[in-house]
Amino acid sequence: MTPFEQYGKLHVEGKNLVDASGKPVVLKGISTHNLNEYPDYVNEAAFKQFRDEYNVNIMRLAMYAAFADNNPGYADSDDEHRAKLEELILKGVKICADLGLYCLVDWHILFDYNPNMHTDMAIRFFKNIAPKLKDYDNVIYEICNEPNMNMETKEETTWEDVKRYANQVIPEIKNIDHEKVIIVGTPTWSQRVDTASDSPLEYDNIMYALHFYADTHRDKLRDICKYARSKNLPIFVTEFGVGRADGDGDINDEESAKWLDLLDSEKISRVIWNLSNKNETSSILVPSCTKTYGFAEEDLTECGKRMKSIMSRM
Ligand code: IDC
């Protein structure tokens with residue numbers, strides 16, 4: 001049985017993501033790196049191996065909204081390039097649907113620290129893609145990866161800023177497709193689920209993103225998570241790492257275990273960063289691995305090996 005055959009169309013009840021029969025579901029999977037930079041990993045053989053050998057039930061397609069790592073994002077490129085990115089999203093969603101995997105479509109803001117910088121482009125993207133994905137019940141939308149800080153002025157994106165953005169984008173999606181689960185990023189690189197829990201959005205089927213990197217974010221962020229859960233906030237960990245927040249550094253198994261225990265006990269879904277062979281700790285493939293499917297044990301980095309054992313939990 002595929003994950004989709006097992007759980008069916010998902011929705012949010014109280015603080016839980018639940019299956020078609022109302023039972024809490026824990027999704028677990030892998031995020032692509034920048035889709036624009038690593039498009040070739042979006043292929044059926046790779047995703048099938050993740051499902052069958054690594055117990056993955058969701059894939060995240062990270063489409064950067066703005067320029068990053070010498071690559072234009074959706075917002076700062078031309079129409080031809082945007083169409084290519086939309087095609088890639090559609091391809092990833094279809095592969096996931098064929099395999100019975102859930103699929104997270106991620107508007108990956110990052111260096112564009114405030115989602116309001118590209119509201120028009122986000123609306124354009126979701127208005128283009130939503131009609132095409134309407135019949136794909138395996139899709140979940142993530143409308144702003146990580147609201148964060150302007151590094152020059154040190155000006156933080158506030159929860160009020162995020163709400164202003166979400167209150168424009170969510171109705172556009174819902175006008176086309178009322179039923180998809182939509183995940184909203186939270187301030188400070190999707191850490192402030194507490195502020196979201198004090199003033200949640202007023203729509204059905206909304207979840208809030210919490211991101212952690214185990215060697216950087218510890219008890220303090222777990223306490224924030226617990227606070228938000230005590231206020232019944234539906235949380236989805238759409239991105240986490242077992243190392244440091246810059247994607248590199250040492251792996252911290254002790255802190256990772258504390259995080260995973262908390263996520264398990266709260267039945268919170270989790271997606272690990274990242275599917276690439278880039279030379280950094282958070283990549284699951286070693287730099288010398290140039291394959292895009294058919295991975296062997298020796299193709300996995302230390303993080304890749306952690307990924308396998310983490311995905312076999314729950
Ligand atoms: C990092 C990548 C790195 C890339 C950088 C900028 O691992 O190769 O150079 O982005 O594009 C996040 C972000 C995610 C980051 C990741 C690690 O969502 O894009 O990826 N991270 O720094 N939030 C916290 C950590």
Side-chain angles (χ1 to χ4, degrees), residues 29-41 58-77 85 104-115 117-118 122 140-151 156-157 162 183-193 208-218 220-222 224-225 235-252 255-256 259 263 269-287 289 301-304 306-307 310:
I30 306 172
S31 177
T32 67
H33 196 292
N34 185 346
L35 261 193
N36 186 42
E37 204 177 341
Y38 296 99
D40 297 341
Y41 292 113
I58 185 166
M59 292 299 298
R60 179 187 196 228
L61 306 174
M63 190 188 71
Y64 276 58
F67 190 89
D69 309 308
N70 297 318
N71 279 275
Y74 184 99
D76 50 26
S77 74
L85 289 170
L104 202 46
V105 173
D106 164 31
W107 178 256
H108 199 86
I109 67 160
L110 188 62
F111 299 117
D112 44 341
Y113 60 97
N114 187 321
M117 271 173 79
H118 293 307
I140 297 176
Y141 289 123
E142 186 177 1
I143 63 168
C144 50
N145 167 50
E146 290 184 351
N148 60 85
M149 181 193 272
N150 179 333
M151 288 309 195
E156 274 272 10
T157 302
V162 179
I183 305 174
V184 183
T186 55
T188 319
W189 292 272
S190 283
Q191 294 169 35
R192 297 302 304 273
V193 284
Y208 300 83
L210 170 67
H211 291 178
F212 69 85
Y213 282 74
D215 194 44
T216 305
H217 309 117
R218 305 183 180 198
K220 203 170 131 211
L221 188 55
R222 283 190 289 270
I224 286 179
C225 176
I235 289 178
F236 197 126
V237 173
T238 54
E239 197 186 291
F240 76 92
V242 292
R244 208 170 56 197
D246 63 0
D248 220 359
D250 293 331
I251 288 177
N252 191 324
E255 291 296 321
S256 299
W259 272 110
L263 301 189
S269 297
R270 69 295 296 260
V271 173
I272 196 168
W273 184 259
N274 75 76
L275 170 55
S276 81
N277 67 345
K278 187 167 175 172
N279 191 10
E280 58 180 1
T281 307
S282 59
S283 305
I284 64 167
L285 300 169
V286 294
C289 172
T301 57
E302 286 305 313
C303 171
R306 299 314 193 276
M307 175 278 295
I310 291 169

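All residue numbers refer to positions in the sequence shown, counting from 1. Whatever order the structure lists ligands and atoms in, that order sets their numbers, starting from 1.
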K.L.:
Report the nearest protein non-hydrogen atom to atom 16 (C) of ligand 1: residue, atom name, distance rounded to 0.1 Å.
P.N.:
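Ranking protein heavy atoms by distance from atom 16 (C) of ligand 1, first comes Tyr213 OH, 3.4 Å.
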
K.L.:
State the atoms of ligand 1, each with its element, that fall below the 4.0 Å cut-off from a heavy-atom position in Asp246.
P.N.:
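Numbered from 1, ligand 1 contributes 17 (C), 22 (O).
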
K.L.:
Which ligand 1 atoms are under 4.0 Å away from a heavy-atom of Lys278?
P.N.:
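Here the atoms of ligand 1 in question are 3 (C), 4 (C), 8 (O), 9 (O).
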
K.L.:
With a cut-off of 4.0 Å, which atoms of ligand 1 are near a heavy atom of His108?
P.N.:
13 (C), 14 (C), 18 (O), 19 (O)

K.L.:
Is it true that a side-chain atom of Trp107 and a backbone atom of Pro115 form a donor plus acceptor pair closer than 3.5 Å?
P.N.:
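Side chain of Trp107 to backbone of Pro115: no pair is present.
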
K.L.:
Strictly under 6.0 Å, is that where the ring centroids of Tyr213 and Trp273 end up?
P.N.:
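Centroid distance Tyr213-Trp273: not below 6.0 Å, so no.
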
K.L.:
For the side chain of Asn36 and the backbone of Leu85, is there at least one donor-acceptor N/O pair under 3.5 Å apart?
P.N.:
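Pair absent, no side-chain N/O of Asn36 close to backbone of Leu85.
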
K.L.:
Can you spot which of Thr32, Asn277, Asn274 makes a side chain to side chain contact (heavy atoms under 4.5 Å, CB included) with Tyr38?
P.N.:
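With Tyr38 as partner, side chain to side chain contact (heavy atoms under 4.5 Å, CB included) holds for just one option, Asn277.
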
K.L.:
Backbone or side chain, does any N or O of Glu239 fall under 3.5 Å from an N or O of ligand 1?
P.N.:
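Indeed, backbone or side chain, Glu239 has an N or O that close.
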
K.L.:
Is Asn34 touching ligand 1 with its side chain, its backbone, both, or neither, if touching means heavy atoms under 4.0 Å apart?
P.N.:
neither

K.L.:
I need the atoms of ligand 1 closer than 4.0 Å to a non-hydrogen atom of Glu280, numbered in the order shown.
P.N.:
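Answer for ligand 1: 2 (C), 3 (C), 7 (O), 8 (O).
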
K.L.:
Please check: side-chain N/O of Glu37 versus main-chain N/O of Asn34, any donor-acceptor pairing under 3.5 Å?
P.N.:
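Not confirmed, Glu37 side chain does not pair with Asn34 backbone.
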
K.L.:
Please check: side-chain N/O of Arg60 versus main-chain N/O of Thr238, any donor-acceptor pairing under 3.5 Å?
P.N.:
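Yes, Arg60 side chain to Thr238 backbone: donor-acceptor pair under 3.5 Å.
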
K.L.:
Under 4.0 Å from ligand 1, counting heavy atoms only, is it the side chain of His211, its backbone, both or neither?
P.N.:
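Neither part.
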
K.L.:
So, using side-chain contact (heavy atoms from CB on, under 4.5 Å) as the criterion, who are the partners of Ser77 when residues are at least two apart?
P.N.:
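Scan of Ser77 (side-chain contact (heavy atoms from CB on, under 4.5 Å), adjacent residues dropped) gives Pro72, His81, Arg82.
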
K.L.:
Do me a favour and list the nearest non-hydrogen protein atom to atom 10 (O) of ligand 1 with residue, atom name and distance?
P.N.:
Tyr64 OH, 3.4 Å

K.L.:
Does any N or O atom in Ala245 lie less than 3.5 angstrom from one in ligand 1, N or O only?
P.N.:
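Among all N and O atoms of Ala245, at least one is under 3.5 Å from an N or O of ligand 1.
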
K.L.:
Hey, does Trp273 come in under 3.5 Å of ligand 1, counting only N/O atoms on both sides?
P.N.:
yes

K.L.:
In ligand 1, which numbered atoms sit nearer than 4.0 Å to a non-hydrogen atom of Asn145?
P.N.:
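Answer, ordered by atom number: 18 (O).
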
K.L.:
List the closest protein heavy-atom neighbour of atom 9 (O) of ligand 1: residue, atom name, distance to the nearest 0.1 Å.
P.N.:
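Atom 9 (O) of ligand 1 sits closest to the protein heavy atom Asp69 OD1, 2.7 Å.
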
K.L.:
Which ligand 1 atoms, with their elements, are less than 4.0 angstrom from a heavy-atom of Gly247?
P.N.:
17 (C), 22 (O)

K.L.:
Just to be sure I read this right, does ligand 1 sit under 4.0 Å from the backbone of Trp189, its side chain, both, or neither, counting only heavy atoms?
P.N.:
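None of Trp189 does.
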
K.L.:
Per the side chain to side chain contact (heavy atoms under 4.5 Å, CB included) rule, which among Asp246, Ile251, Thr301 passes with Thr281?
P.N.:
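By the side chain to side chain contact (heavy atoms under 4.5 Å, CB included) criterion, Thr281 pairs with just one of Asp246, Ile251, Thr301: Ile251.
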
K.L.:
Mind checking side chain to side chain donor-acceptor pair (under 3.5 Å) for Thr157 and listing every partner two or more places apart, or none if nothing turns up?
P.N.:
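Partners of Thr157 under the side chain to side chain donor-acceptor pair (under 3.5 Å) test: none.
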
K.L.:
Relative to atom 23 (N) of ligand 1, which among Arg244, His33, Glu146 owns the nearest non-hydrogen atom?
P.N.:
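Among Arg244, His33, Glu146, the closest heavy atom to atom 23 (N) of ligand 1 belongs to Glu146.
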
K.L.:
Using modelled atom types only, decide if a donor and an acceptor are shared between the side chain of Asn252 and the backbone of Ala214 within a distance under 3.5 Å.
P.N.:
no

